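Order of the sequence lines sets the chain letters (A, B, ...), proteins ahead of strands, with each chain counted from 1. Keep in mind it's a predicted model, so treat the numbers as computed, not measured.
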Amino acid sequence: MNTDFLRDLNPAQLSAVKAVEGPELVLAGAGSGKTKVLTYRVAYLVSIGVPVHNILCLTFTNKAASEMKTRTEKLLGMEEHGDGRRFGSWIGTFHSLFGKILRMEADKLGYTPNYSIYDEEDSLKLIKQILRERNLSEEVFAPAGIRWQISRSKNNLVLPSQLEQSAKSRLDQVTAEVYAAYEERLKKSNSMDFDDLLIKPIVLFNRDRASLEKYQNKFRFILVDEYQDTNRAQYMLLKLLAEIHRNLCVVGDDAQSIYSWRGADLQNILDFQSDYPDAKVVRLEQNYRSTGKILKAANSVIVHNQRKLDKELWTENHEGDRLSVMECESDRDEGYKIVQRIRDESIKDKLQLKDFVVLFRTNSQSRSLEEAFNRGGIPYIIVGGVAFYKRKEIKDLLAYLKLIVNPQDDASFLRIVNFPARGIGDVTIDYVRSFASKEQKPLLAIVERVDEIVEIQPRQKNQLKQFARLVNKYNKLKDELSVGELSRSLTDELGLIRSLKDENTVESQNRMENIQEFLGGIAEFQTENPEGTLQDFLAEVSLVADVDRWDTKRNSVTLMTIHAAKGLEFPVVFVSGLEEGLFPLGSKEQDELEEERRLFYVAITRAQKKVYLSYARQRFRFGKLSYQAPSRFLAEIESDLLDQEHATRLSQQRTIWETTSTFDSLRPSLEGIGTMAQEVPRPRDVEKDRTAAPHIRIGTIVEHQFFGEGKVIEMSGKGDNERVVVLFGANQKKQLMVRYANLRIVR
DNA sequence: TCAGCCGCATTTTTT
DNA sequence: ATGCGGCTGA
């Protein structure tokens, strides 16, 4: 087969691609063509005759996986088949590919292929339940903390019994106990959590030699993206699978390791050479993405870290502009300045809005930024935040589908047994639950025998039976109907759309649209996977991240966390909130600080042409105003690479702010009080202010930036939660949060 | 026994 | 925005 495509590679890239046999470590700096090496390597393997199904290529996000698939196919001159499975490659995320293997080998672990995947919310609820059953207080034994501990234990391959042995405190003991119960319950529900998708294959491979050998022989060539982010379990999996053929090629950048909080172990990449002494090491140090100054800035930051491998990026690109530092009065001012700057730049440099990204350390920072974009009338997309698949209405519908596929799924059962409302409350459910745990049966199975529970009222019994009938009906139908038909018929039968329509509020409208979008998504899945079953669909949606849904085609500014931005690039990057305590966030422990620094490195290296770094002198955090010094990271950048924007414009801008906002002027008075705005006696000058909320009452005519004039017809909530329903025009009703909506009182 | 309403707290990063 | 606890009325 033709290997002409290799001519696109530089010498280092080429040697990385062609070293096909044996272990290989590719240290690929930011923007050095990491994905290119991986895709060319897969294409090269195929072109020299390696069957596609013998190649395993692992990534962390679906987005990365699908990009790799597309690019590989292009290199090989393959048409997209449109059947979703493409050319049968094993390119995918760790979680989805091992989830697939688990489905094929489920019986060997006492599972069935239709197992459910519990997300964090499901796990947390289960843990709370276990605590409640044991009369353990949630105040003393924080469920979230226990969940975190369990997850960490799993990732480190620590069993409940081992955790118990090493327990030092009562909390440790309880954690070990809950961990054991949690595992038991998951198994009984034929369910796995995210961690299990990596742990269970290890269990399988250790227990069943034949399975291990089967996959060792199948995956003769293994490629791993973002190796610096692998955890202990992933490391073990790779070690096991590569044992025979040893054709393990890992690509990564220790400087971009930003997931240690999730169990990723930087030591994996640092130790690769000692794990595989015969490993070929290739360094990709030429950067094709950024300007010289951006790269120098990034380098000057990362040298402050101790734990790192030797490597320095260089580029032939233009030197470019200096990085600009923007000092801002407040978080609000920061948003304003960023919006102004985007407006200026997009006109001046003929850039499109989608060329800009605003990055931040924590999701909570997005609120003040969003506000600024709304005021400035600049379209934006937020990646992250409340993810689509985490929305209540979507999760409810998904729970039905999950229970239909896996009748043992207790978490889904509990979620929907009384949704839509069937008059089944906590008391009834508790009876069902205790009977189920006595009988060691799934909840849905118990419902069929509800007559045996004397305490439950006839009305409730009836409702429960009807619920079970409904689920069972669709369980039988699932093989006859397509995924799309089934979901549509189910939503109809549940009357979801109808009842939301009747509710006729802005919220219900949104929910309805979300459900429609979800159904549309199912239809899309169906087109791409004509043979796809409901089980396949669930496997897919359970493992999507929000970044995966990020649509590059829309012409809007992107707002996202730095974590979400890894692997992406943008012409202009704003890094916001560069303040001590926020970025770097949290404690001063050396390892954690180094991770924050790597995060900053990732942020800067997303940029192709221009970087803006902003910080606010004061910022609202945890309901309080706080003052923070500029981030130490700013000082770590070589000063001649920086362009300190002067505060001259600042004073002018401040006056603009004060005429349009009460919020900022209220803030100083809040300091030290530690209360929310509404509890502070209102200063007299605010009385006159046009955004002052207390003046609004039913019947007030207000003006909104986008919707124009409208009449307040409903009010609810108090203080920060105060909401109004405003009727704009003839029939456009909007529910708005007074705090955010910035309504101007007309009369 | 349940539904609905209110007020309150919550926000580090996510497959 | 969401979930939870507390309260009330049916």
Any carboxylate oxygen within less than 4.0 angstrom of a Lys/Arg side-chain nitrogen, looking at [X] and [Y]?
X: A:R433; Y: A:E133; result: no
X: A:E183; Y: A:K200; result: yes
X: A:E67; Y: A:K63; result: no

Output the single nucleotide from [options] whose closest atom is nearest the side chain of [X].
X: A:R391; options: C:dT2, B:dT15, B:dT14; value: C:dT2
X: A:V427; options: B:dT14, B:dT13, B:dC2; value: B:dC2
X: A:S364; options: B:dT14, B:dT11, B:dC2; value: B:dT11
X: A:Q457; options: B:dT1, C:dC4, B:dT13; value: B:dT1
X: A:W261; options: B:dT1, B:dT13, C:dC4; value: B:dT13
X: A:T61; options: B:dT15, C:dC4, B:dC2; value: B:dT15

[X] [atom1] to [N] [atom2], straight-line distance once rounded to whole Å:
X: A:D426; N: C:dC4; atom1: CG; atom2: C1'; result: 11 Å
X: A:L599; N: B:dT12; atom1: CG; atom2: C1'; result: 10 Å
X: A:E371; N: C:dA1; atom1: CD; atom2: C1'; result: 16 Å
X: A:I258; N: B:dT14; atom1: CD1; atom2: C1'; result: 10 Å
X: A:R367; N: B:dA9; atom1: CZ; atom2: P; result: 16 Å
X: A:I429; N: B:dC2; atom1: CD1; atom2: P; result: 8 Å
X: A:Y118; N: B:dT15; atom1: OH; atom2: P; result: 21 Å
X: A:Q460; N: B:dC2; atom1: CD; atom2: C1'; result: 8 Å

Between [X] and [N], does any side-chain N or O lie under 4.0 Å from OP1 or OP2?
X: A:N363; N: B:dT13; value: yes
X: A:T428; N: B:dC2; value: yes
X: A:R132; N: C:dC4; value: no
X: A:N510; N: C:dA1; value: no
X: A:T561; N: B:dT14; value: yes

Mind checking [X] for me? I need base, sugar-phosphate or nothing, with any heavy atom below 4.0 Å counting as a touch.
X: A:E120; result: base
X: A:L198; result: nothing
X: A:D195; result: nothing
X: A:R511; result: sugar-phosphate
X: A:F194; result: base

Within 45° of the ring axis of A:F419 and under 6.0 Å from its six-membered ring centre, is that where the NZ or CZ of A:K392 lies?
yes
Only counting residues at least two apart or in another chain, list the ones meeting side chain to side chain contact (heavy atoms under 4.5 Å, CB included) with A:S364.
A:T362
Residues forming a side chain to side chain contact (heavy atoms under 4.5 Å, CB included) with A:A255, sequence neighbours excluded
A:D253, A:I302, A:K311, A:Y601
Under a plain distance cut-off of 3.5 Å, with no hydrogens placed, do A:E592 and A:Q590 share a side-chain donor-acceptor pair?
no
Which sits closer to the 5' end of DNA chain B, A:R147 or A:G425, going by the nucleotide each is nearest to?
A:G425
With centres under 5.5 Å and planes under 30° as the test, does A:F94 stack with B:dT15?
no
Say you pick atom P in C:dG5 and the same atom in B:dT11; how far apart are they, in whole Å?
15 Å
